[in-house]
J.: 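Questions regarding the structure given below will be posed in turn.
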Amino acid sequence: MALWDRIKDSAASMQTQLNSKKNDLKSGAFRDASMAMCALVAAADGSIDPAERQRVASLIMTNDVLQNFPADDLQTRFNDYCQKLTTDFDFGKVGILQTIGKVAKKPTEARAVIQIGIVIGGADGDFDKSEQAVVREACFAVGIEPGEFDL
């Protein structure tokens, strides 16, 4: 199977798993961690381009799990995290990984946040090395072995 097909299949599989857990994913910590993860993946290559912002906006509007939260609230949180990363990427990343780490004690939420990172990373068909690296760091922040997600 071609890499492109594996990425699409993996993202589709992650989305199916997320949908099955929708009712367990309603906490404020999950909301914040998922938007922090989206910003981290969007900024993984050092910049956040309009196409990346559009992918996250699309995810916010269409993702069943994220429908648990008001779209404008999610967008505001995503933009705030992006601002932190564009102001000072390294310092912003530390704070964002701390936000993501707040779901570590809830395995369902922790796995869902990682899955959202993979879905966003693979949304353009190219889950590149920099995106994989930040999702791997997020795995460590929530206490999940990256190998569980083939990272």
Side-chain angles (χ1 to χ4, degrees), residues 7 10-49 51-124 127-151:
I7 290 170
S10 177
S13 172
M14 294 291 170
Q15 188 57 56
T16 300
Q17 291 173 31
L18 281 170
N19 289 345
S20 71
K21 305 280 187 198
K22 180 180 179 178
N23 292 330
D24 299 330
L25 302 171
K26 294 183 176 181
S27 77
F30 170 73
R31 176 202 59 212
D32 294 350
S34 62
M35 289 301 97
M37 175 61 91
C38 288
L40 189 59
V41 172
D45 64 358
S47 67
I48 303 170
D49 64 40
E52 289 167 320
R53 286 184 182 273
Q54 181 56 44
R55 278 196 300 275
V56 173
S58 176
L59 178 77
I60 288 170
M61 297 305 293
T62 61
N63 185 287
D64 284 343
V65 173
L66 295 177
Q67 299 294 312
N68 288 334
F69 309 101
D72 58 338
D73 184 33
L74 294 175
Q75 189 68 46
T76 298
R77 290 171 193 283
F78 171 72
N79 288 336
D80 289 347
Y81 292 126
C82 287
Q83 182 62 41
K84 289 177 182 175
L85 289 166
T86 55
T87 301
D88 183 336
F89 182 80
D90 293 328
F91 187 71
K93 185 168 85 169
V94 168
I96 283 173
L97 287 171
Q98 287 175 338
T99 298
I100 291 169
K102 290 179 181 177
V103 297
K105 289 183 171 44
K106 295 183 178 178
T108 298
E109 291 185 6
R111 281 181 176 70
V113 168
I114 300 304
Q115 290 169 331
I116 285 173
I118 293 168
V119 167
I120 283 293
D124 63 353
F127 189 35
D128 67 38
K129 296 286 185 206
S130 61
E131 292 167 337
Q132 290 176 34
V134 295
V135 174
R136 193 176 308 111
E137 287 183 74
C139 283
F140 292 123
V142 297
I144 294 175
E145 177 57 43
E148 185 177 324
F149 295 97
D150 295 327
L151 295 170

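We count residues from 1, following the sequence as given.
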J.: Would you name the heavy atoms of L74 and L66 that are closest together and state the gap between them?
T.: CD1-O, 3.6 Å
J.: Rounded to the nearest 0.5 Å, what's the gap from CG on L151 to CD1 on I114? Could you check?
T.: 8.0 Å
J.: Please round to the nearest 0.5 Å and tell me the distance separating atom CD1 of I96 and atom CG of L85.
T.: 3.5 Å
J.: Go through the structure and list residues passing salt bridge (charged side-chain N to carboxylate O under 4.0 Å, His left out) with K102, not counting sequence neighbours.
T.: none
J.: Can you give me the closest heavy-atom contact between I48 and R53, atom names plus distance?
T.: CG2-CG, 3.8 Å
J.: Given the rule in the side-chain contact (heavy atoms from CB on, under 4.5 Å) test, do F30 and I116 qualify, once you have shown the distances and angles that lead to the verdict?
T.: CA-CA 11 Å; F30 170 73; I116 285 173; 3.7 Å; yes
J.: Stepwise, does the side-chain contact (heavy atoms from CB on, under 4.5 Å) test hold for Y81 with T99?
T.: CA-CA 10 Å; Y81 292 126; T99 298; 3.5 Å; yes
J.: Who passes side-chain contact (heavy atoms from CB on, under 4.5 Å) against A133, sequence neighbours left out?
T.: R136
J.: Check whether any side-chain N or O of E109 sits under 3.5 Å from a backbone N or O of A104 as a donor-acceptor pair, and report yes or no.
T.: no
J.: Output all residues satisfying side-chain contact (heavy atoms from CB on, under 4.5 Å) with Q98, sequence neighbours left out; order by chain, then residue number.
T.: V94
J.: I'd like to check the side-chain contact (heavy atoms from CB on, under 4.5 Å) partners of P70; sequence neighbours left out, ordered by chain and number.
T.: D72, D73
J.: So which pairs with a foot in residues 31-43 pass side chain to side chain donor-acceptor pair (under 3.5 Å), sequence neighbours left out?
T.: D32-R77
J.: Which atom pairs, one a donor and one an acceptor, fall under 3.5 Å between side chains of residues 35-44 and the rest of the protein, sequence neighbours left out?
T.:
none

J.: In chain order, what residues pass the side-chain hydrogen bond (donor to acceptor under 3.5 Å, both in side chains) check against D128, with sequence neighbours excluded?
T.: S130
J.: Per the side chain to side chain donor-acceptor pair (under 3.5 Å) rule, what does the pair list look like for residues 85-97, sequence neighbours excluded?
T.: Q83-T87, K93-E137
J.: Looking only at heavy atoms, what is the nearest atom pair of A71 and M61, with distance?
T.: CB-SD, 3.8 Å
J.: Output the distance between atom CZ (R111) and atom SG (C139), rounded to the nearest 0.5 Å.
T.: 9.5 Å
J.: Taking atom CD of E148 and atom CD of E145, what is their separation to the nearest 0.5 Å?
T.: 8.5 Å
J.: Answer whether the closest heavy-atom distance between the side chains of F149 and I144 falls below 4.5 Å.
T.: yes
J.: Just how far is it from atom CD of Q115 to atom CD1 of I120, taken to the nearest 0.5 Å?
T.: 13.5 Å
